[in-house]
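Small disclaimer: the values here were computed from a predicted structure and weren't measured.
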Amino acid sequence: DTPLARVCQWLRAKDIGAVVVSADGRHLLGLLSERHVIEALAHHGATAMSLKAEDVMTRAVVTCGREDSVTRIMHVMTERRIRHIPVVEDGALVGIVSIGDVVKHRLDEADLETRVLRDTYLARH
């Protein structure tokens with residue numbers, strides 16, 4: 001029941017793009033992102049800031065598990081056009097994966113592959 005204005009302050013203070021909505025910190029009720037804020041402002045104008053988080057959040061949240069690969073998560077993010085996927089295990093929230101996490105992982109993989117190819121090339125010549 002946190003007002004949207006307070007959620008916006010928290011997003012800015014933490015420099016994040018989304019928050020998981022939960023009553024107890026373990027069970028996922030929804031997800032609220034910058035996109036939700038923009039949609040609320042577009043529909044309600046300045047009065048949107050007095051709406052509650054539950055009024056604008058996504059309730060049918062796409063989640064993943066610890067066993068899901070980065071490739072699968074990346075595919076889901078692309079297909080569903082979402083940038084944040086909570087990680088749920090045994091019905092409890094254990095983390096969140098952002099598009100930034102996925103991009104960093106892919107860059108690290110590309111860097112490793114480049115180094116391996118370079119070292120292989122240098123070893124043969």
If I take atom CE from residue M49 and atom CG from residue L4, how far apart are they, to the nearest 0.5 angstrom?
4.0 Å
Same cluster or not: L29 versus V20, using hydrophobic residues (I, L, V, M, F, W, Y) connected whenever any side-chain heavy atoms lie under 4.5 Å apart?
no
Identify whether V94 and V102 are in the same connected component of the hydrophobic contact network (ILVMFWY, side-chain heavy atoms under 4.5 Å).
yes
Does CG belonging to D24 count more than 12 external heavy atoms closer than 6.0 Å?
yes
Nearest heavy-atom pair of A40 and L51: which atoms, and what distance?
CB-CD1, 4.4 Å
Please test V87 against I96 for side chain to side chain contact (heavy atoms under 4.5 Å, CB included), starting from the C-alpha separation and ending with a verdict.
CA-CA 5 Å; V87 183; I96 188 165; 5.7 Å; no
When you look at R80 and I85, which way does the side chain to side chain contact (heavy atoms under 4.5 Å, CB included) test go after all the steps?
CA-CA 11 Å; R80 301 291 295 270; I85 299 182; over 6 Å; no
Side chain D101, main chain S98, donor-acceptor under 3.5 Å:
yes
Do V76 and E79 touch side chain to side chain, with heavy atoms closer than 4.5 Å?
no
Please report the closest heavy-atom contact between G17 and L11, naming both atoms and the distance.
C-CD2, 3.9 Å
Verify same cluster id: V19, I99 (apolar side-chain graph, 4.5 Å):
no
Side chain to side chain donor-acceptor pair (under 3.5 Å) involving T2 - partner list, sequence neighbours excluded
none
Can any side-chain N or O of S22 pair as donor or acceptor with the backbone N or O of H27 at less than 3.5 Å?
yes
Does anything in residues 82-97 pair up under side chain to side chain donor-acceptor pair (under 3.5 Å), and if so which pairs, sequence neighbours excluded?
R66-E89
Check against side chain to side chain contact (heavy atoms under 4.5 Å, CB included), H75 and T78
CA-CA 5 Å; H75 175 74; T78 303; 5.8 Å; no
Going by atom type alone, with no hydrogens or angles, which donor-acceptor pairs under 3.5 Å involve a side-chain atom of residues 30-39 and a protein atom two or more places apart or on another chain?
from, atom 1, to, atom 2, distance (Å)
S33, OG, R35, N, 3.3
S33, OG, H36, ND1, 3.0
R35, NH1, R81, O, 2.9
H36, ND1, S33, N, 2.8
H36, NE2, T58, OG1, 2.6

Once you round to the nearest 0.5 Å, how far does NZ of K14 lie from CD of Q9?
13.0 Å
Cluster question for you: counting only ILVMFWY and a side-chain heavy-atom cut-off of under 4.5 Å, with indirect links fine, are L93 and V21 together?
no
